[in-house]
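Notes follow once the structure below has been shown.
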Amino acid sequence: MGMRLQPQCLQLDSVLQTVSVLEAVIRRSFGPDGGQVLFTRDTGQTLLTRHGTRILSALRVEHPLARMVVECVRRHSSVTGDGSKTFVLLLASLLREIQKHTRKAPWEGAGAKRLAEALLVFGLDELSDVITVGVAPHGSSLSDTHNPGQTDTHTLCRLLSAFLHTRISPTHAEIISQLTCELLSHWSCNGDFVNEHFPALHTAVSGFPIGCSRLLEGQVIHADFSTPLPLRDHGPIRALVVTEPLEPSLLIGGTVLELGGANRGIESVCVRSGRGLESVCVILQHLGVSLLLSSVRQSEAVLAAAGRYGVCVLECVCEDDLTFFSLLSGAQPVSDWAVIGQEHVATVTFCRPLVLGAHRYVNVGFPKPEDRGRPHSLVVCGLTEGQTEQSVCAVRDALHMLHTTWGTTHRTRATDRTVYTDTDTHTDTDPDVMEPCRVISVGGTFEFLLHHTLLQHTHANKDIHTPSHLDTPAVSGMLAEALLIVPRQIYSHSPRRYLEAHAHTLSCIRKHGNSPDPPETSAVLAADGSNMVQADTGSGSMSGSGSGSGVKEVSVGSSSGSSSGVESVSCKYQLILAVLQCLRSLLSVDTVLHTNTSHTCQREEEEDGD
């Protein structure tokens with residue numbers, strides 16, 4: 001089929017301009033002091049949010065490069081739950097650095113591609129080394145130093161609070177972060193388990209203030225009783241999960257029977273089927289089952305028979321709820337009525353009706369298992385559906401972030417390549433591993449530390465310059481400068497606080513890392529023409545890291561109530577890698593082809609009509 005092609009050759013300036021448009025939108029809601037963005041639709045609906053991915057997804061993006069960026073952000077956020085706004089800021093900053101290095105080059109496009117490729121190679125091969133030696137030792141760990149293997153609840157609350165402050169309003173963030181921390185504590189801080197089963201662990205209720213959000217012991221089954229008989233609220237209750245109708249399929253409405261003989265044949269089939277249903281109810285009574293959870297709708301005959309035998313029925317229970325119930329109770333669902341045993345019978349401590357807003361649910365409790373705390377569920381309230389959904393999304397993203405933070409370690413290269421570090425900055429941990437569960441103070445601390453370490457890396461590679469390291473000094477320096485966009489935006493309303501925070505971080509490095517400042521660092525601090533501030537007048541404070549390395553946690557002040565918060569080192573590392581991969585993809589595009597098939601299609605339709 002013929003079509004008209006409208007080729008557009010891409011230049012670095014056009015790529016940067018496209019990303020800068022997204023950056024301008026994101027800047028307004030970035031950081032703990034960022035505002036909310038209000039979207040209005042033609043239908044009159046509105047969306048008020050600070051969530052970076054939701055903001056980008058709500059934009060009507062038409063440019064193909066912009067759509068590429070939004071898709072990269074969406075994929076990254078869906079895995080780590082973190083960094084969507086920082087993603088766009090850092091991507092735009094890296095493009096500006098590449099533009100500065102290739103502005104006077106005769107082949108700007110080829111030079112930009114080469115630098116993007118070199119940046120990605122550096123990120124994959126060497127970045128984890130740099131973070132392990134220069135950043136991670138200055139943080140702390142989510143692990144409790146007094147109880148190895150357990151989570152430090154105080155540090156966990158700091159991490160959740162700082163994370164949620166960038167997504168929902170401060171008042172809502174405090175309520176939701178406290179409830180999420182309590183939820184994890186009830187599950188013995190098993191974040192991976194809660195993350196995996198979050199759909200069955202939360203219930204959204206609209207029309208109530210967010211202060212009505214709370215935790216409920218046990219599980220909330222999102223279905224109502226189909227039989228009117230109430231269950232006793234004391235003593236153990238025996239339950240059964242079924243995935244098939246109790247009534248034989250021959251008696252279900254809509255089934256066509258082809259029988260020979262008189263009507264007595266049909267009558268005998270009904271009698272035999274009725275006896276089969278009664279025999280199933282007798283088996284339930286023999287097993288002591290008084291609660292039946294069904295994934296399918298049961299017939300009126302089944303409900304009537306269940307009522308006669310004192311069995312309460314919950315119909316059309318969703319798959320997430322049934323799977324979670326079976327997991328907590330240890331009972332297997334029944335799919336074949338010919339074989340029913342004790343392994344199918346679950347024991348619950350209570351079963352009671354639950355009214356949340358305009359919906360009626362059922363709340364069931366379980367005995368406390370040995371390997372984790374007593375199960376609890378989260379009820380999230382909001383005045384509107386949009387507000388409730390925003391809070392639910394924030395919790396889900398927080399759990400994704402914790403999954404990344406608690407995730408596997410990142411293997412690093414041998415330490416003989418880390419010649420840029422001082423011998424006194426090593427830790428007691430395995431030098432070839434970036435330890436998981438590492439967190440560091442918010443407020444640009446990670447970016448300041450990594451910036452400083454990358455500059456040292458630049459000088460060291462200049463000294464050991466070899467053909468295999470041709471791009472290492474350039475790309476590490478470019479990444480170092482690009483990282484400063486994050487703290488600059490955090491302290492955009494107070495440039496002096498930016499200088500104080502940066503100087504305080506460098507002071508901590510000198511005191512506890514014994515590494516001198518390179519000349520470029522001081523130049524960056526005074527880049528805007530401001531006077532250099534004294535390092536000991538920083539607004540931050542020092543606190544123990546618990547890492548056992550003798551290095552103290554760098555803590556700098558921020559301009560919000562979450563200044564005592566921390567953020568995940570692993571999430572930051574994953575974010576930078578994702579940005580570098582997106583950067584390489586963007587700069588690998590040479591030409592955009594705009595296809596216009598409307599006239600061709602219209603002409604073919606006319607020909608077909610003739």
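From a predicted model like this one, the values you see are computed outputs, not experimental measurements.
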Begin from the C-alpha positions of Val88 and Leu56 and carry the test side chain to side chain contact (heavy atoms under 4.5 Å, CB included) through to its verdict. CA-CA 10 Å; Val88 177; Leu56 293 174; 3.9 Å; yes
Is any side-chain heavy atom of [X] less than 4.5 Å from a side-chain heavy atom of [Y]?
{"X": "Leu120", "Y": "Gln581", "answer": "yes"}
{"X": "Val364", "Y": "Cys351", "answer": "yes"}
{"X": "Ile210", "Y": "Val380", "answer": "no"}
{"X": "Leu284", "Y": "Val282", "answer": "no"}
{"X": "Val242", "Y": "Ser295", "answer": "no"}
{"X": "Arg374", "Y": "His186", "answer": "no"}
{"X": "Leu293", "Y": "Leu240", "answer": "no"}
{"X": "Val392", "Y": "Phe198", "answer": "yes"}

N/O donor-acceptor pair under 3.5 Å between [X] side chain and [Y] backbone:
{"X": "Trp406", "Y": "Cys437", "answer": "no"}
{"X": "Thr227", "Y": "Gly307", "answer": "no"}
{"X": "Ser78", "Y": "Arg75", "answer": "yes"}
{"X": "Ser213", "Y": "Cys381", "answer": "yes"}
{"X": "Lys85", "Y": "Thr166", "answer": "yes"}
{"X": "Arg167", "Y": "Phe163", "answer": "yes"}
{"X": "Ser570", "Y": "Thr405", "answer": "no"}
{"X": "Ser290", "Y": "Gly310", "answer": "no"}
{"X": "His172", "Y": "Ile168", "answer": "no"}
{"X": "Arg67", "Y": "Glu62", "answer": "yes"}

Nearest heavy-atom neighbours spanning [X] and [Y]:
{"X": "Gln298", "Y": "Leu303", "answer": "CB-CD2, 4.5 Å"}
{"X": "Val589", "Y": "Ser585", "answer": "CG2-O, 3.5 Å"}
{"X": "Ser568", "Y": "Val439", "answer": "CA-CG1, 4.3 Å"}
{"X": "Gly211", "Y": "Ile175", "answer": "CA-CD1, 4.1 Å"}
{"X": "Pro367", "Y": "Thr349", "answer": "N-CG2, 3.7 Å"}
{"X": "Leu160", "Y": "Ala398", "answer": "CD2-CB, 3.9 Å"}

Distance in Å, [X] [atom1] paired with [Y] [atom2], rounded so as to fall on 0.5 Å steps:
{"X": "Ser329", "Y": "Leu327", "atom1": "OG", "atom2": "CG", "result": "8.0 Å"}
{"X": "Leu215", "Y": "Leu201", "atom1": "CG", "atom2": "CG", "result": "10.5 Å"}
{"X": "His202", "Y": "Arg396", "atom1": "NE2", "atom2": "CZ", "result": "7.5 Å"}
{"X": "Leu156", "Y": "Leu184", "atom1": "CG", "atom2": "CG", "result": "5.5 Å"}
{"X": "Leu91", "Y": "Leu586", "atom1": "CG", "atom2": "CG", "result": "6.0 Å"}
{"X": "Tyr309", "Y": "Leu292", "atom1": "OH", "atom2": "CG", "result": "14.5 Å"}

All salt bridge (Lys or Arg N to Asp or Glu O under 4.0 Å) counterparts of [X], not counting sequence neighbours:
{"X": "Arg74", "answer": "Glu71"}
{"X": "Asp321", "answer": "none"}
{"X": "Glu389", "answer": "Arg54"}

Just jot down the side-chain hydrogen bond (donor to acceptor under 3.5 Å, both in side chains) partners of [X], sequence neighbours excluded, or say none.
{"X": "Thr347", "value": "none"}
{"X": "Gln390", "value": "Thr49"}
{"X": "Ser377", "value": "none"}
{"X": "Thr155", "value": "Asp152"}

Criterion side chain to side chain contact (heavy atoms under 4.5 Å, CB included) on Leu179 and Leu183, from CA distance to verdict: CA-CA 6 Å; Leu179 287 174; Leu183 176 67; over 6 Å; no
Indicate whether any N or O donor in one side chain lies under 3.5 Å from an N or O acceptor in the other, for [X] and [Y].
{"X": "Thr80", "Y": "Gln574", "value": "no"}
{"X": "Arg238", "Y": "Gln342", "value": "yes"}
{"X": "Ser161", "Y": "Ser177", "value": "no"}
{"X": "Glu182", "Y": "Gln178", "value": "yes"}
{"X": "His222", "Y": "Thr203", "value": "yes"}
{"X": "Ser77", "Y": "Thr53", "value": "yes"}

Side chain to side chain contact (heavy atoms under 4.5 Å, CB included) for Val69 and Val19? Distances and angles first, verdict last. CA-CA 8 Å; Val69 174; Val19 178; 4.2 Å; yes
Could you walk me through whether Ser140 and Ile440 pass the side chain to side chain contact (heavy atoms under 4.5 Å, CB included) test, one step at a time? CA-CA 6 Å; Ser140 58; Ile440 200 161; over 6 Å; no
Please name all residues satisfying ring-ring contact (aromatic ring centres under 6.0 Å, His included) with Phe325, sequence neighbours left out, ordered by chain then number.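 Checked Phe325 against ring-ring contact (aromatic ring centres under 6.0 Å, His included); matches are Phe366.
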Can you list everything that forms a ring-ring contact (aromatic ring centres under 6.0 Å, His included) with His400? Sequence neighbours excluded, please. none
Crowding at CZ, Arg297 (>12 non-hydrogen neighbours, <6.0 Å):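 Counting neighbours around CZ of Arg297, 12 or fewer heavy atoms of other residues, nucleotides or ligands fall under 6.0 Å, so no.
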Check: residues 353-363 side-chain donor-acceptor pairs under 3.5 Å, at least two apart:
| residue | atom | partner | partner atom | Å |
| --- | --- | --- | --- | --- |
| Arg360 | NE | Asp224 | OD2 | 3.3 |
| Asn363 | ND2 | Glu217 | O | 3.2 |
| Asn363 | ND2 | Gln219 | O | 3.0 |

Considering residues at least two apart in sequence or located in another chain, which fulfil the side-chain contact (heavy atoms from CB on, under 4.5 Å) criterion with Gln332?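 Counting only residues at least two positions away or on another chain, Gln332 forms a side-chain contact (heavy atoms from CB on, under 4.5 Å) with Glu343, His344.
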side-chain contact (heavy atoms from CB on, under 4.5 Å) involving Pro209 - partner list, sequence neighbours excluded: Cys212, Leu383
